[in-house]
Each structure stands twice: as structure tokens, then as C-alpha cells.
Amino acid sequence: MASTPPHCSITATTKRYQNHPYPHSQLKDHRQTHNQNPHQRWTSNQRVSLAKPPLPPSSRNAPKPAAAATTTTTQHPQIHPTFPSFQPPKSELVSDFPGRRSTRFVSKLHFGRPRTTMGTRHTSVAQEALQNVIEYGKDERALENVLLNFESRLSGSDDYVFLLRELGNRGDCKKAICCFEFAVKRERKKNEQGKLASAMISTLGRLGKVEMAKTVFEAALTEGYGNTVYAFSAIISAYGRSGYCNEAIKIFYSMKDYGLKPNLVTYNAVIDACGKGGVEFKRVLEIFDEMLRNGMQPDRITFNSLLAVCSKGGLWEAARSLSCEMVNRGIDQDIFTYNTLLDAVCKGGQLDMAFEIMSEMPAKNILPNVVTYSTMIDGYAKAGRLDDARNLFNEMKFLGISLDRVSYNTLLSIYAKLGRFEEAMDVCREMENSGIRKDVVTYNALLGGYGKQYKYDVVRNVFEEMKARHVSPNLLTYSTLIDVYSKGGLYREAMDVFREFKKAGLKADVVLYSALIDALCKNGLVESAVSLLDEMTKEGIRPNVVTYNSIIDAFGRSATTESVVVDAGQTSELQIESLSSSAVEKATKSLVADREDNQIIKIFGQLAAEKAGQAKNSGGQEMMCILGVFHKMHELEIKPNVVTFSAILNACSRCNSFEEASMLLEELRLFDNQVYGVAHGLLMGYRISLWQSLFDEVKLMDSSTASAFYNALTDMLWHFGQKRGAQLVVLEGKRRQVWENVWSESCLDLHLMSSGAARAMVHAWLLNVRAIVFEGHEVPKLLSILTGWGKHSKVVGDSTLRRAVEALLMGMGAPFRSAKCNLGRLISTGSVVASWLRESGTLKVLVLHDDRTHQENLRFGQISNLQMLQL
DNA sequence: CTAGGGTTAG
């Protein structure tokens, strides 16, 4: 067993681990220490994750949480025998699992692995020429001289192909191009010129120089040596690699016009491009079908690329079917197959299944590598199962698998997101100690992490360090910074970043616009947000569901002037600075000085002005505005997800009249009849049972998404007097553990709940205590209700929840009082509460009722169900 | 021609 590499000591537990001769017992030891010391946990509010006993890899037997196991692993999914007809996409709710949020697919730092020239038929002269070109070819002229010296001894295109490929592998595309031009000029045979062109295009593609590749390709076509399957395959691959998937597909379909028949490599390249471009699996299957129809035999790479398409969408069922199909067809599976499959299964949220698949790998003689581990670790981390992530991390180190750039960044982003900067810095140090420099991904993670913790001074320093170390900020860097600054109300800083971004010559994308739109929305400038939405559409940037969710979520908020000012002790000075009138003036002046006719700059100015206290737009015409937004969303065929539903439900809660809310709810009907049916049914007081399946789907979300939905639905019901309905929902949420540890006999923790949900829950909890009293059991000495410190509220410290719960308890005459040491905590002794519960009038105030009921007439419920089935 | 990491909504 290889000893653990020195650079692997990232966590304290690891260091301890290294001192022990027997990793297995040490791992157990580590687990005990871990449990004894809650401060060493990765996070304080992690989800229930049954920490698997970390076994040494040889005897891994994948213990699983019982509940999850029955639905995921033990009961194998239906593998469809009739390939390639796959299951239709799951419900819209599930298809937008957070794992596939990304709308950006290609901007990786390192372009593909270098293509080996080992197998090529070059001569030893070519080798010698390469050395000379590298050594003496300082500029174009010198390089040409070197080539002229070798010209007579180099034999044909094979040698030149070797040369330009090797130069490409060394990242020297200028020299490669020189070689190409030199060679192609001297070559007479069209097919030899074609070979050179294909090699050049593929080399440029690999280097990410897609524009140059295109130039070479088009020149080759005009010169008459570019119409080969190889050149087309190369340009398709180049486009795919750089994220120009549509171009790749266009070129692919144009081959017919040139009388070319795509071969296996062409098909593989276009499928790969689709995967990188996030093309829907269904559409990729059409290409795959065509491939089969044309008698092409798909190979391992075809399937691996198809799997990659599934992994983008988290389509784990389809991925499993593909894997089975490979077996059926007798196609060998390799580490790529497994890693891609695992990624798909992880992104589909089936972590236990992924673990099982990983466990089967050694038996297939495919040993998990660093990619396998980082895929799984990331999967666990995103699912909130940090214990499992940590166990795998330790296992990886135990196996002596050393971390690489990606796995360091994976780890770092986990810590940065948790705001655990000590550990994040440790990762950075370890990373650099092992010779891997911080890259743009590392820096972006740090910037986002510090920004989310309002550490703006650190953000600035990190950004400076990044530039000083010649790591170029990219679009994501700027998006992150603009988001961080505008969320914190530092519009001057945001504007500066935006200017710098413009100067860098980058083009804004949907994420950047969405961040801006969200900042506007959060500040009550919904109309500006909508106009920016128009602007981005005009610029040809397609908004996505996130963009729309921001706007929908803002509906009705501006009227209540709920703007965001985050208070964060150490940075308040910065904010005050930016809020001060001088900053506003400065911002406005620089705006005028630059005479930039740019809407975004204008908006920052507007935001700064808003901060200075100008009047806000009142929400009078917002109803029409928001309906227009929905309309546009339908028109653009942007699929809503569960966040959209939550936003609509929340918007309903902010409506003053039932009629207005109904109009909004109607929008829900257009989007998703099931969600509409449940919400509407509950609102009207129908006793419907169909909601179970809806909530089954919500359960597949991550915890915050799910709780947001439950909160929104309950709030709306409570708002419109359907309090019994609200309670039904809240109890269902509790049953499904949407809010972690809400309820014990002595304590009710409401801090993750909305005010409606919390109030419905208080009633349920007190009824439960009452039952304990009346059954003659003992009530705990001290009863407490935790409301938190308004963590859930948009304004930190403003505990809307506490006030709502306090008022509720007061109204009922419940004897709870604020705890002196903790204002968010309401307490009472068990005996006082018990005697209050025994009073004759108490039960009446505890039992909730709906304002609208249709209990007497169950037909309504049935009609509602029928309607839902029809649509 | 093939795998893993970073940004936006709640």
C-alpha cells in the first residue's frame, strides 16, 4: 500500500490519520473523534446523513440508509430492453434538479489532452526539425529558415503533420500555423494538403483557437482540399470543444451538400459536441439513430459521449440503460464509461446508487481514480452529505491517489461555500505545496465564498492577488464579483468591475444579466429589471428560468419596500461609504464623464440613486407587468421549475385580494397542472389526496429547495385563511423531514420556516403537547420555541418570524415568553403550559379551520382530480 | 472522437 503523499494533509483528521500504522482502525478512530467534537464537522446544519462506517477499500460493502436503498439501489431501475427508446423525461419538477443548473458548459482552462504523435509515420528528420524549430524559430522568418534547411530531408505531409501537432502540444500555435502554411504551399497533392489541413484544424481546436480553426477550414474549402470527412470531423470537434455546438451541428448536416458521408469519428465528434453544448438527450438520440440507420457501429467512445449527454441533464435512468446497452453489444467499458455514468447518477441525485456502482468497479478490473473520487465527492457535497464526502476523501488518500487541480478545486469550493475559510486556505496551501498553482476556478471559488460572507475587503484583496499573479479573470470571475457587490449594495464597486469587464472585451452572458436583474429585483426596481430583460433579449442572449424566477419572486415586494441592506459588522464601513451621497455623486459623475450609453451603467447609477433615498416605483401596475413576464416566458418556451412555483405562490401571498391571487395561480395552471391542482384545491378547501405524488417529487430536491416550496405553499394558504390546509402541508413537510429537526417534545425549532408554516406548526406542536398532557404523560420541565434570528428573513436581524409567532401565542393566551439571553427563543415551564392546555377554552383556539371548505361535498374534490387527469 | 471542479433564482 502506497504511503499517503505528504501533500494530502488537508484536514486535521487527516494528519492524525497519517500517524497510525493501520488506516482502518484509524478511520474508526477518526469517526469517533469526529462525533465527539461537533466543531470539527464540515458544517453545523448538515442533513441527516447516515455516516457510513468508512471501511478500507478492499472490504467496502456499501452500507446504505434503509429508506433510500429501497427506492434506489436494491430495486433495480427498469432497464429498457428496447433500446434506444428511453423513458420520457421525468416531471418538470425533478428535471430541474440543482445539479444541472449550469447554463455554461465550456470554459475550461485546460483544453484536451495532447494528441500523441507516437503512432504517426514521421521520420527521425522530423524529430530533429522539431528541436530546431523550438530552439531557433524565434520569429516567423527564423522559423522559415529552419524549415528551408530541412525542406529537402523532410518527407511529405506526415513529417509536417508531426511537426505542427507537436508544436500544438507545446501550446505554440503560431509556430504550428507557420509550419502548416509552409508545408501546404509546397505540397502539390490535394489529399496531402487535406491531411495537413485536418491536422491543423484539430490542433487549433484542441488549443481552443476555434476562430483560427475556422479560418483554416474555410481556406481549405476554397482552395479545394478541405472537403474531406477528416477536415469536417476536425472542425466539428473544434466547435464542440469551444462550446459552439450549434455551429458543429450545422457543419455536420452540411456534409451531405459536399457529398461527404460522416464516419464513426464524425458521429462521435458531433455527439460529443452536443454533450458539451448541453443539447437535449432526445435530440442527440436522433443523431444516434441516424448513425445506426446508416449502418455505423457505435463504439465505446460513442457511448461514452452519449453518457456525457446524460450526465449534463442528470438523466440517470437513461445513463444506466446506455451502460446496459454497451454490455449487450459487447462493447468494453472503461474508466471513462464508469466516471461518466457515475457523474450522471450523481447529478440525478442517486448518490447511493452511484456508490454502489463505484463499489462494483474493482470487480470489473477498473479501479476508481482521482476523477471517480472527485465526481463522487462533489455529488455528496452537493447533496449535503458531507460526512459521506469526507469519508470518500479519506479513502482516496488512503489509497494513495493524489489530488489534482480539479479535486483540489472541488474541495476548496466545498469549504468556500460553507464559509470555512481556515480550511479553504489550508486547501490552497496544500495545492500550491504540491506544485499546482491557483487557477481561475480557485480564485472564483474564493471570491464567491468571501463575497457570500460579506467579506468585501478580502474579496478585493483576492481579486488583486489574482491579477498580480497573472491569472486572467474570466466571465465567471466578473459575474461573481458583480453579483457579490450588487447584492451587498456596493454599486460603485459593481460598476467598476463592470467597466473592467467591458475593457477585457468579454461579452455579457445570461448569468451576468441574471445577476444584475436579481440585484434590481432585490432593490425593488422590478420595472428596470424587466427592461434589462428586454435588453438582453435584444442582444441575442436568451434568458433562462433563473432570470425569470428572480423577476417573479420580486413581484409585489417593491410595494412593501423590502429592500436589502445586509449588515455585516466588519464591512459596514464600505457600505456606508457607498451609501453616502458623495459616493452617489461620484458614481453619477463618472457615469456622465464616461458618457457611456450603456443601460447597465445607467442602472448602477439608478441603484446608487435609489440608495440615496429617491422615491421608488410603487407596485401599482405590477400585475400587468408580471402577467406580461409570464406571457414572454411561455413564448420563449422556458420551462419553469419548482423555484418558479415557489415564487408564484409567494407572489400570491403578497396579493391583497383573493381574485388577484387567483389570476396568478392561473399562470401556474398553464405551467404545471399538477402543482396548480394541489395549490388551488387546497386554497378552495377541497379534500384532495393527489398532493402526495406532488410532494414525492419535491422530496427529490435538495433540502433548501424543498423547504422553500413547502414554506411558500403554506404561507399562501395561511394568508388566505386556509389554516387547516396549511397545517396539513406543514405536517406533511415535517413527516418528510423538509425542515431538519423541527420538532421534539421539549423544543420546536422554526428557524427554517416561513411565518405561515411556523404558525401552522405551532398549533400542531401544542396539540401534540396537549395530547401528552391528556394521556397522563409527563411534560418536559422546560418547553421552548426557537424562531431564530430572522435567518430566513431578507433583512438580517429583523425577525418577522419571531414577531408573528409571538403575536400568535399571545392571541391564544399561550404562556410563552422571550428568553432573556436569546430573543429568538420563546420559553415556558412544562407545568404552566400543561395547566393552560387543561383549560376548557384552549382546545378551541388550538384547532385550526379553513375559511373555505367543501367537506360536505366530496364531489368537488373528485371533479378537481378529474380535471387534473384530463389536462 | 471520451470522464470530474467554478457564476445567476429559493
Side-chain angles (χ1 to χ4, degrees), chain A residues 98 101-104 107-109 112-113 202 233-234 236-237 240-241 263-273 275 299-308 311 334-344 346 369-379 404-414 416-417 439-449 474-484 487 509-519 521 544-554 641-647 650 701-702 704-709 711-712:
Chain A
R101 269 187 220 166
S102 177
T103 48
R104 167 155 301 274
S107 70
K108 301 248 166 182
L109 192 80
R113 289 157 292 278
S202 105
S233 302
I236 288 168
S237 153
R241 207 187 283 279
N263 63 16
L264 176 64
V265 173
T266 324
Y267 276 107
N268 288 350
V270 76
I271 291 172
D272 175 56
D299 66 353
R300 190 182 72 244
I301 292 176
T302 320
F303 275 94
N304 288 351
S305 300
L306 283 170
L307 281 168
S311 97
D334 62 2
I335 185 74
F336 287 78
T337 316
Y338 269 94
N339 288 344
T340 317
L341 172 64
L342 282 176
D343 194 39
C346 283
N369 63 8
V370 63
V371 177
T372 321
Y373 277 95
S374 47
T375 304
M376 290 295 300
I377 288 170
D378 187 60
D404 65 359
R405 177 183 300 283
V406 174
S407 42
Y408 273 117
N409 281 333
T410 305
L411 206 59
L412 178 85
S413 77
I414 294 172
K417 278 219 180 75
D439 65 7
V440 65
V441 176
T442 322
Y443 280 109
N444 290 349
L446 288 172
L447 292 171
N474 63 13
L475 182 57
L476 269 72
T477 319
Y478 291 114
S479 301
T480 305
L481 284 172
I482 289 170
D483 179 59
V484 153
K487 283 227 180 13
D509 72 343
V510 60
V511 175
L512 196 138
Y513 268 105
S514 298
L516 290 169
I517 285 171
D518 190 54
C521 289
N544 62 22
V545 66
V546 178
T547 327
Y548 277 97
N549 287 346
S550 281
I551 294 180
I552 296 168
D553 184 67
N641 58 17
V642 65
V643 180
T644 322
F645 303 147
S646 302
N650 279 326
M701 313 281 133
D702 65 314
S704 65
T705 307
S707 62
F709 181 75
N711 282 337

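Throughout, protein chains are lettered first and strands after them, A, B, ... in sequence-line order, and every chain is numbered starting at 1.
Within 4.0 Å of Asp299(A), counting heavy atoms only, lies no atom of the nucleic acid at all. The residue Ser407(A) sits close to a base: some heavy atom pair falls under 4.0 Å. Counting any heavy atom pair closer than 4.0 Å across all strands shown, Val270(A) reaches no nucleic acid atom. Ser646(A) comes within contact range of no nucleotide atom at all, as no heavy-atom separation falls under 4.0 Å. Using a 4.0 Å heavy-atom cutoff across all strands shown, Ser514(A) reaches at least one base atom of the nucleic acid. Nucleic acid contact for Thr375(A): sugar-phosphate only, since backbone atoms but no base atoms lie under 4.0 Å from a heavy atom of the residue. At a threshold of 4.0 angstrom between heavy atoms, the contacts of Leu481(A) with the nucleic acid are absent.
One can find a donor-acceptor pair under 3.5 Å joining the base of dG4(B) and the side-chain atoms of Asp404(A). Side-chain atoms of Asn641(A) and base atoms of dA9(B) include a donor and an acceptor less than 3.5 Å apart. Evaluation of atom-type donor-acceptor distances gives a pair under 3.5 Å for the side chain of Asn369(A) against the base of dA3(B). One cannot find a donor-acceptor pair under 3.5 Å joining the base of dT7(B) and the side-chain atoms of Thr480(A).
For the salt bridge (Lys or Arg N to Asp or Glu O under 4.0 Å) test, residues two or more places apart in sequence or in another chain that qualify with Asp272(A) are Lys276(A).
Expressed to the nearest 0.5 Å, how far CZ of Phe709(A) lies from OG1 of Thr644(A) amounts to 11.0 Å. We find the CG-OG distance between Leu342(A) and Ser374(A) to be 11.0 Å, quoted to the nearest 0.5 Å. One finds the CZ atom of Arg300(A) at 10.5 Å from the CG atom of Asn268(A) (value rounded to the nearest 0.5 Å).
Considering only the side chain of Ser479(A), dT7(B) comes nearest among dT8(B), dT7(B), dA9(B). Listed nucleotides dC1(B), dG6(B), dG4(B) differ in distance to Ser237(A); the shortest reach to its side chain belongs to dC1(B). Proximity note for Asp343(A) (side chain, C-beta onward) versus dG4(B), dT2(B), dT8(B): the nearest is dG4(B). With dG6(B), dC1(B), dG10(B) as the candidates, the nucleotide lying closest to the side chain of Asp378(A) is dG6(B). The side chain of Arg300(A) has dT2(B) as its nearest neighbour among dA3(B), dT2(B), dT8(B). Nearest nucleotide to the side chain of Leu476(A), out of dA3(B), dG6(B), dG10(B): dG6(B). Here the side chain of Asn268(A) is nearest to one of dG4(B), dG6(B), dC1(B), namely dC1(B). If you check dG10(B), dT8(B), dT2(B) against the side chain of Val546(A), the one that comes closest is dT8(B).
Whole-Å rounding puts the Ile551(A) CD1 to dG10(B) P distance at 12 Å. For Phe303(A) and dA3(B), the CZ to P distance is 17 Å, given to the nearest whole Å. Atom CG in Asn444(A) sits roughly 11 Å away from atom P in dG6(B) (whole-Å rounding). The CG-P distance, from Asp553(A) to dG10(B), rounds to 5 Å in whole Å. As a whole-Å value, the separation of Leu512(A) CG from dA9(B) C1' is 15 Å. Rounded to an integer number of Å, the gap from Asp483(A) CG to dG6(B) C1' is 13 Å. As a whole-Å value, the separation of Asn474(A) CG from dT8(B) P is 14 Å. Summarising the geometry, the separation between OH on Tyr478(A) and P on dT7(B) is reported as 18 Å, rounded to the nearest angstrom.
Within the structure, every side-chain polar atom (N or O) of Arg405(A) is placed at least 4.0 Å from both OP1 and OP2 of dG4(B). When the side-chain nitrogen and oxygen atoms of Lys417(A) are compared with OP1 and OP2 of dT7(B), one or more of them lie within a distance under 4.0 Å.
A donor atom on one side chain and an acceptor atom on the other are not found under 3.5 Å apart for Asp553(A) and Ser550(A). Side-chain N/O atoms of Thr372(A) and Asn339(A) include a donor and acceptor closer than 3.5 Å.
Side chain of Asn444(A) to main chain of Leu447(A): no donor-acceptor pair is present (N/O by atom type, distance under 3.5 Å, no hydrogens or angles).
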